[in-house]
Chemist: 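Here's a structure for you.
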Amino acid sequence: MTTSMKDVIALSKRRGFIFQSSEIYGGLNGFWDYGPLGVELKRNLKNAWWRDMVSSHNELVCAEGAPQEFAMTGIDASIVMHPQVWKCSGHYDLFFDYMVDCRESKKRYRHDQVRGRWVEAKGRRIFVTTVAEADDEAEAVLRRALKFFNVRASHAEELKWIGGFQSLADAGDPASVLGPDASEVGTLTEPREFNLMFKTNVGALSADDNTAYLRPETAQGIFVNFKNVLNSLRIRIPFGIAQIGKSFRNEITPRNYTFRSREFEQMEIEFFCHPGESEMWYRYWRDRRVQWYRDLGLSSGKLRLREHAREELSHYSNGTADIEYAFPFLPEGEFGELEGIAHRGDFDLRSHMEGKLAPGTRPLQLEVDEHGKPKYRGSGKDLSYRDEITGEKFIPHVIEPSAGADRAALAFLCDAFHQDQAPDDSGKMEPRIVLRLHPRLAPVKAAILPLVKKGGMPEIARKIYAALKKQCNVFYDEKDSIGRRYRRQDEIGTPYCITIDSDTLSDGTVTLRDRDSLQQRRIPVERCDEELQRLLT
Ligand code: ATP
């Protein structure tokens with residue numbers, strides 16, 4: 001059975017993974033809150049990333065597939081940074097999407113998200129548009145076309161559809177376009193640039209000279225700290241600096257649940273290396289990152305690595321690959337970006353040394369104003385690197401694996417969602433929802449369940465619970481029949497259930513139930529701790 005987004009969203013709300021932000025006030029589009037289970041899932045994901053990329057990395061040995069040994073470290077930079085950072089990085093001038101406005105409905109849309117179909121009826125041909133999600137767009141367009149032509153649903157055959165869905169950008173003839181919320185054609189404006197950075201003011205006065213921005217990516221915090229890290233750790237290239245933190249983008253139309261939010265978390269690495277070795281490091285990080293998702297159980301059929309074609313690359317990039325997942329809200333055969341791995345050359349460090357570099361120049365040159373002066377001045381600080389052993393001085397190249405924690409959490413949630421059958425208390429097979437989350441990601445690692453609330457079982461269960469709670473997030477539950485308790489745990493992805501029954505009283509063993517295989521085996525009470533640790537790592 002294919003997973004529907006509606007089912008994932010319903011479970012997620014019902015069991016406390018994700019809530020709409022400020023829901024009691026009607027919500028705020030593009031902002032989301034993680035509930036009691038969601039916070040555990042997302043934190044487990046971030047911890048797994050930090051551990052696998054940074055804290056458990058051994059710089060003394062050559063990691064599998066790596067060209068040589070390398071070091072990894074981390075920082076936590078501020079969200080609001082000096083405004084010049086964004087001028088030099090290019091975000092101030094170039095970080096925009098195209099939007100269109102509707103003169104009739106006064107609504108604003110992201111140009112590339114408006115899709116539609118040509119239709120003809122009563123001697124007129126129009127392009128009917130919608131911004132509905134893929135599952136709903138056919139119905140939305142039909143409904144709007146019927147209304148526009150004043151045709152009853154029972155006479156829908158009067159509408160002659162010409163071709164399939166296409167984007168507004170490809171439709172042509174603006175005068176025939178029926179906007180997504182308009183009742184007349186020709187109300188959409190030409191596309192215009194819309195900068196995605198959120199503005200704020202630093203200090204008490206609201207004036208242009210204290211305008212600052214909420215960071216749209218965590219990466220720049222790493223670049224501007226490159227020298228600080230280098231000097232404080234006395235680290236040698238190649239090495240990577242990692243950071244996890246909030247980023248903000250004023251997306252024109254946030255959509256697809258948490259996939260495109262206005263506030264989200266990124267997990268980024270900037271890996272600094274010798275220019276002559278950067279191609280090798282690019283390939284290493286691209287392959288290593290896709291393997292990370294696989295190791296945490298993301299199904300390979302829905303996960304893919306897509307290398308960008310030359311014409312798709314940013315002006316400074318020597319290579320980019322996206323790790324993509326076939327989210328259930330996308331049409332069949334389409335994938336959404338989870339992470340981008342980019343070979344950024346020396347673009348970032350040079351920008352912060354010299355100033356904003358001109359797009360399209362190769363080799364990159366400083367962008368100048370009409371007086372021939374730098375358009376945006378860099379810091380003037382020397383961000384080059386001198387190799388103490390070889391004496392060589394160079395500006396390091398950067399490989400950037402840039403992942404989104406929210407998109408990854410959503411992908412793992414969608415991928416884990418399954419509906420199958422499991423026996424109820426009488427052994428009869430009943431439908432169940434089960435989240436097959438990797439044990440490292442599961443919000444609750446094990447549930448401790450006394451079979452009945454008497455006969456000394458709760459006392460033993462509480463002891464086991466107290467011991468296990470010290471090492472991981474376990475859950476104690478004595479309410480309802482055992483079958484219903486199993487079902488509740490399956491739904492939230494708890495990989496193991498430990499049940500205390502009458503045999504526990506006589507032989508000191510408990511059952512350990514596996515969420516996926518449904519197999520139960522008995523283990524001694526005193527081995528619960530050790531066994532769980534073994535299974536979870
Ligand atoms: P898209 O093309 O989908 O807007 P992007 O290419 O702009 O994404 P990057 O700038 O490469 O994204 O950001 C790196 C990662 O940050 C993305 O792969 C994604 O996981 C995450 N990310 C970016 N924008 C958003 C957003 N609006 N909501 C949630 N996550 C995001």
Side-chain angles (χ1 to χ4, degrees), residues 18 20-21 28-34 38 42 45-46 49 53 79 86 89-91 94-99 110-113 133 167 194-198 213-223 242-271 285-286 289-290 292-293 298 303-309 312-317 319-327 329-330 334-344 347-348 398-414:
I18 300 170
Q20 211 183 357
S21 159
L28 187 60
N29 203 4
F31 297 90
W32 299 94
D33 296 339
Y34 285 81
K42 195 169 151 191
L45 180 86
K46 290 185 289 180
W49 183 88
M53 298 301 120
I79 286 171
W86 307 111
S89 70
H91 286 84
L94 300 171
F95 193 55
F96 58 79
D97 278 333
Y98 284 103
M99 63 175 176
R110 192 170 136 172
H111 187 229
D112 61 355
Q113 283 173 352
E133 319 249 317
S167 92
F194 175 77
N195 193 297
L196 299 181
M197 284 200 293
F198 274 99
Y213 303 90
L214 304 188
R215 67 179 176 204
E217 60 171 36
T218 56
Q220 299 303 322
I222 300 180
F223 295 128
Q243 177 170 218
I244 298 179
K246 290 264 184 177
S247 290
F248 300 81
R249 295 182 188 180
N250 200 2
E251 299 280 356
I252 299 167
T253 37
R255 56 194 289 182
N256 293 332
Y257 205 30
T258 56
F259 181 84
R260 187 168 303 286
S261 310
R262 289 180 164 137
E263 174 177 339
F264 54 96
E265 254 176 306
Q266 290 185 308
M267 310 186 289
E268 296 195 293
I269 295 170
E270 305 305 328
F271 188 79
W285 279 107
R286 185 196 60 187
R289 289 300 307 146
V290 77
W292 186 77
Y293 291 95
L298 221 51
L303 187 73
R304 76 170 186 192
L305 182 72
R306 188 178 65 83
E307 194 84 40
H308 285 207
E312 223 189 317
L313 296 179
S314 337
H315 60 277
Y316 48 78
S317 179
T320 300
D322 286 344
I323 299 173
E324 301 179 326
Y325 180 75
F327 285 96
F329 50 74
L330 295 170
E334 284 191 21
F335 289 74
E337 177 182 326
L338 280 183
E339 170 163 350
I341 298 100
H343 181 318
R344 301 178 60 93
F347 175 80
D348 305 280
V398 167
I399 311 300
E400 176 190 78
S402 167
D406 306 83
R407 282 195 192 170
L410 184 59
F412 282 111
L413 204 55
C414 293

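Whatever order the structure lists them in is the order used to number ligands and atoms, beginning at 1. Throughout, numbering of the chain's residues begins at 1 and tracks the sequence.
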Chemist: Students often mix this up, so state it plainly: with edges at 30° and 60°, are the rings of Tyr325 and Phe327 parallel, tilted or perpendicular?
Modeler: perpendicular
Chemist: Indicate the ring-plane relationship of Tyr293 and Phe412, choosing parallel, tilted or perpendicular according to the 30° and 60° boundaries.
Modeler: parallel
Chemist: Regarding Asp97 and His111, is there a side-chain donor-to-acceptor distance under 3.5 Å anywhere?
Modeler: no
Chemist: Could you list the atoms of ligand 1 found under 4.0 angstrom from a heavy atom of Gly404?
Modeler: 20 (O), 21 (C)
Chemist: Tell me whether Ala403 has any N or O atom under 3.5 angstrom from an N or O of ligand 1.
Modeler: no
Chemist: Take atom CZ of Phe194 as the centre, draw a 6.0 Å sphere, and report whether it contains more than 12 heavy atoms from other residues, nucleotides or ligands.
Modeler: yes
Chemist: Among Glu268, Arg110, Arg249, whose heavy atom sits nearest atom 10 (O) of ligand 1?
Modeler: Arg249
Chemist: Please state which protein non-hydrogen atom is closest to atom 16 (O) of ligand 1 and give its distance, to 0.1 Å?
Modeler: Gln266 NE2, 3.1 Å
Chemist: Just need the protein heavy atom nearest to atom 14 (C) of ligand 1, so name the residue and atom and give the distance.
Modeler: Ser402 OG, 2.9 Å
Chemist: Whether the side chain of Arg262 engages the backbone of Asn250 through a donor-acceptor N/O pair (distance < 3.5 Å, no angle test) should be reported.
Modeler: no
Chemist: Can you sort out which atoms of ligand 1 are near Leu338, meaning under 4.0 Å from one of its heavy atoms?
Modeler: 18 (O), 20 (O)
Chemist: Among protein heavy atoms, which sits nearest to atom 4 (O) of ligand 1, and what does the distance come to when rounded to 0.1 Å?
Modeler: Arg260 NH1, 2.8 Å
Chemist: For atom 28 (N) of ligand 1, grab the closest protein heavy atom and report residue, atom and distance to one decimal in Å.
Modeler: Ser261 N, 3.0 Å
Chemist: What residue and heavy atom of the protein are closest to atom 19 (C) of ligand 1, and at what distance?
Modeler: Arg407 NH1, 3.5 Å
Chemist: If you look at every heavy atom in Thr320 and Ala342, which pair is closest and at what distance?
Modeler: OG1-CB, 3.8 Å
Chemist: Using distance alone, decide if ligand 1 has a nitrogen or oxygen within less than 3.5 Å of any nitrogen or oxygen in Asp406.
Modeler: no
Chemist: Identify the protein heavy atom lying closest to atom 17 (C) of ligand 1, giving its residue, its atom name and the separation to 0.1 Å.
Modeler: Glu337 OE2, 3.4 Å
Chemist: Answer yes when Glu270 and Arg344 have at least one side-chain N-carboxylate O distance shorter than 4.0 Å, and no when they do not.
Modeler: no
